Amino acid sequence: MVFKAILAALAVVASAHPVLENRQSQSQSLEEYIARQFNISLEGAIRNIGGANNNIVEAAGEGFVVASPSTEAPNYFFTWTRDSALTELMLIDELIFGTESVGNNSLQVLAEQYTTAQAQLQTVTNPSGALWPAGQGLGEPKFYSNGTRFNGAWGRPQNDGPALRASTFMEIAEAIFQRNPNAATIVGNVYWPLIYNDLLYVGQYWNTTSYDLWEEVNGNSFFTTTAQHRALVQGSIWAERLNRTCEPCQQAPQIACFLANNFWNETGGYILANINANQVTRSQINADPILAAMHAFDINATCDAAALQPCNSRILSSHKIWVDSFRDLYPINDNATAPAAVLVGRYSEDVYYNGNPWYITTLAAAELLYDAAAQFSKQGSVTIDETSLPFWQDIYPDAQEGTVTESVDSLVTAMTDYADGFVSLVQQYTPPNGTLNEQINKTTGEPVSAIALTWSYAAFVTAIERREGNFPPSWGANSPTANNVANMCMSSSYNATTQYSPALAAGAMNVTEECESEVIFQLLWVTGSGENTYLVGNTSILGNTLEDTDNVIQVMRTNNYTDPEPKWFVPAWVPAGVPIEYKYVLLNSTDNSYTFENVTRYAYPASCGNNTVVTTLDTGSFPGRSYDGPLVEQPDVRSEVHFR
Ligand SMILES: *[C@@H]1O[C@H](CO)[C@@H](O)[C@H](O)[C@H]1NC(C)=O
Ligand SMILES: *[C@@H]1O[C@H](CO)[C@@H](O)[C@H](O)[C@H]1NC(C)=O
Ligand SMILES: *[C@@H]1O[C@H](CO)[C@@H](O)[C@H](O)[C@H]1NC(C)=O
Ligand SMILES: *[C@@H]1O[C@H](CO)[C@@H](O)[C@H](O)[C@H]1NC(C)=O
Ligand SMILES: *[C@@H]1O[C@H](CO)[C@@H](O)[C@H](O)[C@H]1NC(C)=O
Ligand SMILES: *[C@@H]1O[C@H](CO)[C@@H](O)[C@H](O)[C@H]1NC(C)=O
Ligand SMILES: *[C@@H]1O[C@H](CO)[C@@H](O)[C@H](O)[C@H]1NC(C)=O
Ligand SMILES: *[C@@H]1O[C@H](CO)[C@@H](O)[C@H](O)[C@H]1NC(C)=O
Ligand SMILES: *[C@@H]1O[C@H](CO)[C@@H](O)[C@H](O)[C@H]1NC(C)=O
Ligand SMILES: *[C@@H]1O[C@H](CO)[C@@H](O)[C@H](O)[C@H]1NC(C)=O
Ligand SMILES: *[C@@H]1O[C@H](CO)[C@@H](O)[C@H](O)[C@H]1NC(C)=O
Ligand SMILES: *[C@@H]1O[C@H](CO)[C@@H](O)[C@H](O)[C@H]1NC(C)=O
């Protein structure tokens, strides 16, 4: 393949990697731990990648990043688009910082293998849909680690995946350019088609709900939306660099407007993790905005950049409120008050494994502060306002509102000491062999849940790099493009349908463009508590079944569900002109039981060339249950012009 040779041909002599050398030790044992754990973590992440030397995931395909080698309790032997992109972003930043190889693995080769693996994945038809014609398959959250589709029930789509992956590819492009400033043609031919598919998806679907990074809440997540904004801003900048156009990138000012006007909770002093969400019982105090600001971090950005930076007052206040929510919650924290660091989890209402601290989130608590401290140092001033004052008073009791230029060093030191506190806790709860699981038992401190979690390792590496003063290249957070915020927020979307295409030069399969048409399935049903509705049918995207509980994969959406019209719906692209048999299914999440309808229904997708969306509206017919909702007038079957 063409691109395989790109990085190799252009390799230059690497500068010595400065990590771990340029900081005076504050506590010898913490520094020693960090030096050892850094290498264990970097190697640990790579050992979870298929095809890498000495990997522990032999069944995984080359270039696929496995979430954890754990195959049961829990089974994480899958590849998630999000985790993979964040891990590869960490690895490519290592290459940019000067690390050429880790063990027997060249970071360049790993980047090339990741590229091929993702080029192929983009074309794999899955329960979220296909690449062609409307890109919906790109929103699929996870695949088997051999690169095949996973049909099980899952929270899908997850729209952060394509955005993060696009940014990771643009980072790979940056690494190539740093080695060869004349790489525009080859990056344009090999990488741009791959990036552009994901940018098309972001432009088309940013204004729809999807599942959040914790895979539980269907809504608009701050993390997802921030990642989408960054991807489109970077996309505009790269399009210019590569002499291309990026029409979906023109959605960025609307995304910026959406971010600026919907997520800040003034009363609570924190950014809401999700809005438009199906989980109304949560506070929305969550690690989500902290991880968002870390992803938006750009050492060259100012604290008032539209993409909220770690040094932004709202982010610092969110950090405080989020960390405080765990102080009295986890027994292991012993009700410690600031400025003591504590172990932190995803959000206080978490019940997964009974709700525990995570390595990722405790390291994020540190990394965000290292980022912010670096920005304040660089700017040479700290502005404390009403919003950030409580955060500062916790760690610097003399803090007052106003702009500080004299004692910046003291504030920055207080901040980095606080950050080090979180790393010291991770040290305290790291087993002797350095293996980082997903979680830490909130009572005993024992590692729990998935072992050797790739993202835990990646989180360790990125936190330590920031601590050591190594920052990723600027992505443009301070550019006019990033700070272009629409004056009026409006619903919008870039219609990219029929523009998606396999990235052949990067190794994608030449998927046959089958003729498909869209059917929107609509169900009237008043669900009981803990009940969800699904759709099955005799076509691949509907699980190819009318009875098998293992293949119940298409979850119906609640976006349009109201009391006067309890309507569930889901759109699906299916082979054109082929009648479909289908049924609705109820899942009772209390006892995990499925109830299939006792009728088989039929839908008639438009024929090829007739370009029609068929819409049906059905009233549920489940054995032993009757529809007790309001009567809704059956609309005429709607036909809309589509394509092909
Ligand atoms: C991919 O992995 C899944 C899960 O282990 C397995 O069921 C399937 O047969 C594999 N497919 C191929 C083509 O290897
Ligand atoms: C779509 O965008 C509009 C305008 O910003 C916003 O009010 C609405 O909540 C968004 N909806 C979704 C589902 O993203
Ligand atoms: C940029 O693209 C345009 C249109 O494809 C082409 O005419 C022009 O020569 C290109 N410029 C460079 C510098 O490649
Ligand atoms: C905002 O914060 C306040 C105070 O914590 C809380 O009562 C309120 O429910 C929050 N708003 C939303 C939309 O979550
Ligand atoms: C710690 O906080 C919890 C929850 O507020 C409370 O029940 C407990 O008594 C506190 N423990 C101590 C030692 O203060
Ligand atoms: C955490 O430890 C406690 C005490 O040993 C135990 O009861 C609990 O089940 C553990 N939690 C998990 C998720 O393993
Ligand atoms: C590391 O230690 C943990 C528990 O302390 C253990 O479960 C795990 O198997 C060990 N890993 C290796 C690679 O030895
Ligand atoms: C920040 O900007 C300066 C010049 O303004 C530039 O030299 C430096 O490379 C930028 N930093 C990053 C990380 O891009
Ligand atoms: C891809 O497949 C299509 C349809 O089979 C064919 O027409 C086209 O030439 C193929 N493209 C490449 C680059 O192989
Ligand atoms: C779900 O299952 C539980 C346990 O069998 C039962 O108590 C509950 O009524 C069921 N929910 C519905 C909505 O049928
Ligand atoms: C859901 O609501 C949106 C916004 O009102 C509307 O555009 C869409 O057609 C509705 N879809 C269904 C299937 O009812
Ligand atoms: C989107 O574009 C496709 C292909 O051009 C077209 O068929 C479809 O009608 C458009 N959809 C909307 C909502 O404009």
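Scope of the values below: all heavy atoms of this structure, side chains included, with no hydrogens, waters or symmetry mates. All of these numbers come straight from a predicted model, not from anything done at the bench. Atoms within a ligand are numbered from 1 in the order they appear, just like the ligands themselves.
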Quick one: ligand 7 N/O to protein N/O pairs below 3.5 Å?
unit_1: ligand 7; atom_1: 2 (O); unit_2: N433; atom_2: OD1; d: 3.2
unit_1: ligand 7; atom_1: 2 (O); unit_2: N433; atom_2: ND2; d: 2.4
unit_1: ligand 7; atom_1: 11 (N); unit_2: N433; atom_2: ND2; d: 2.8
unit_1: ligand 7; atom_1: 14 (O); unit_2: N433; atom_2: ND2; d: 3.3

* To do: Among residues two or more places apart or on two chains, list those pairs meeting side-chain hydrogen bond (donor to acceptor under 3.5 Å, both in side chains) that have a residue in residues 529-538.
  => E531-R625
* Side chain, backbone, both or neither: which part of N354 has a heavy atom under 4.0 Å from ligand 6? -> neither
* To do: Describe, in one word, how the ring planes of Y594 and F596 are oriented to each other, choosing from parallel (under 30°), tilted (30 to 60°) and perpendicular (over 60°).
  => tilted
* Find all atoms of ligand 6 within a distance of less than 4.0 Å from any non-hydrogen atom belonging to Y353, and give their numbers and elements. => 13 (C)
* Structure fact -> Counting from 1 in the order shown, the ligand 6 atoms closer than 4.0 Å to a non-hydrogen atom of T444 are 2 (O), 4 (C), 5 (O)
* Asked: Is a side-chain donor-acceptor pair under 3.5 Å present for Y76 with E438?
  -> yes
* Measure from the side-chain N and O atoms of T454 to the backbone N and O of A45, and report whether any donor-acceptor pair falls under 3.5 Å. => no
* Would you say the side-chain atoms of Y33 and T430 include a donor-acceptor pair closer than 3.5 Å? -> yes
* Testing K142, R156, E140 for side chain to side chain contact (heavy atoms under 4.5 Å, CB included) with N126, which one passes? -> E140
* Asked: Is it the case that N441 and Y429 place a side-chain donor and acceptor less than 3.5 Å from each other?
  -> no
* Asked: By number and element, which atoms of ligand 6 are closer than 4.0 Å to a non-hydrogen atom of V448?
  -> 12 (C), 14 (O)
* To do: Using ring-ring contact (aromatic ring centres under 6.0 Å, His included) as the criterion, point out the one residue from Y352, W358, F223 that pairs with W214.
  => W358
* Asked: Quick one: which ligand 6 atoms are inside 4.0 Å of a heavy atom on N441?
  -> 1 (C), 2 (O), 3 (C), 8 (C), 10 (C), 11 (N), 12 (C), 14 (O)
* D420 side chain to S424 main-chain N or O, any donor-acceptor pair under 3.5 Å? -> no
* Asked: Just distances here: any N/O of N146 and N/O of ligand 1 closer than 3.5 Å?
  -> yes
